[in-house]
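Only a predicted model underlies this, so the values are computations on that prediction, with no experimental measurement involved. We number each residue from 1, following the sequence as shown. All ligand and atom numbering here is 1-based and tracks the order in the structure. Note: hydrogens, waters and symmetry copies are ignored here, and every other heavy atom, side chains too, is used.
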Amino acid sequence: MDDLFPYRRPPFCPHADCDSRVQSTTWRFIKKGFYLRRRRPHRVQKYQCSRCRRYFSSSSFSTRYWLRRPELLEPVFHRLVACSGFRQIAREYGVSHSTIRRLSDRLGRHCLLFHEKRRPGFCPTEPLVLDGFRSFEHSQYWPMDLNLVVGGKSLFVYGFNDAELRRSGTMRPAQALQREILEKRHGRPDPQATRKRVEELLRRVVPPGGSVVLRTDEHQAYPRAIGRLRDRSIVHEQTSSKAPRTTVNPLFPVNLSDMLIRHSSANHKRETIAFSKRRQSALYRLAIWVVWRNYLKDLSENRKRGTPAQALGIATRAVSVREVLARRCFPWRVRSVRGWLGDCYFGRIGTRAIERCVAHEARYAA
Ligand SMILES: [Zn+2]
């Protein structure tokens, strides 16, 4: 085994439309020689699938598959949760900022699946805390919320999504006019976005028939979202957002997450020039942050109390970035990758101010 091939033998056919996984016991592969590469490992085993007859290699199972600078994946993960901007990271490694953005996107996609495969499939037994983390995309005229559901005891981040918002608050007359011009050109953000996305998030985290206690602030979209989830029993407890944000505040778990996101992500710092130009990019970066927060970062820097995943009982120790990146995850092997999660994985979350948003349509390096 080398770090380009995390398995002893290919466990399944990596092609998206091959049904090798439904017949995993009878599936066979045939060894088909090697190909040579300039970096180590120099020889990579090639295989042929017995079902679809197509070829693949041992490197098809690596997260570094088809990367020109594969050695950057791990350090870029560290930099992205250590508050570096793309250009700052790019300068350190002598590459262009778009290379770092592509690595961030790939890490984000991997982390979306990594979390999706590990998060508990059962209904959470602890109280949940939900809130929108306010940031913006493209310019301050396009604010957005990143909605997070956090465990009230474990501080585990169960899930997240996004909601576009209309710019509000006091504006100078020139700013109000600019907002009008932009909304005429690109359309007005959906006023129902928060209700729709919170509903989607709760559907994902709380399975049908589940019952939970949900703590939120007094945002008026939350009761409307909860009201539409009739097959779940949700006890809604509201706390004013004006209440002091101390450790005894029922919303403390999510307030702490917000602080940590701002502390570790350059794109969400106040008054930054490293803000995300596309919401999709912010979501990929948030996926990386969620994996770091849940599975890598200790609950206490000084007292070492274990990670949120350990507190939840789904892990026995913290994992390293290298371990997170050890095995490539395939979207077609994770059942829940559909709906919003599918859109987010394949880069289909649009930014109004950018008319043609490029989605992730790579056939092989998915
Ligand atoms: Zn196949």
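Sorted by first and then second residue, the salt bridge (Lys or Arg N to Asp or Glu O under 4.0 Å) pairs with a member in residues 314-323 read E74-R322, R317-E323; sequence neighbours excluded.
Here the protein contributes C13 SG, C18 SG, C49 SG, C52 SG as N, O or S atoms under 2.8 Å from the Zn ion (ligand 1).
Using a 4.0 Å cut-off between charged side-chain N and carboxylate O, D298 and R293 make no salt bridge. Salt bridge annotation for R69-E71: present, with a cationic side-chain nitrogen under 4.0 angstrom from a carboxylate oxygen.
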Ring pair (Phe, Tyr, Trp, His ring centres under 6.0 Å) evaluation trace for Y295 with F114: CA-CA 10 Å; Y295 308 96; F114 183 92; 5.4 Å; yes
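For the pair R119 and Y158, the NZ or CZ position fails the cation-pi test of under 6.0 Å to the six-membered ring centre and within 45 degrees of the ring normal. Cation-pi geometry between R43 and F34 is satisfied (NZ or CZ under 6.0 Å from the ring centre, within 45° of the ring normal).
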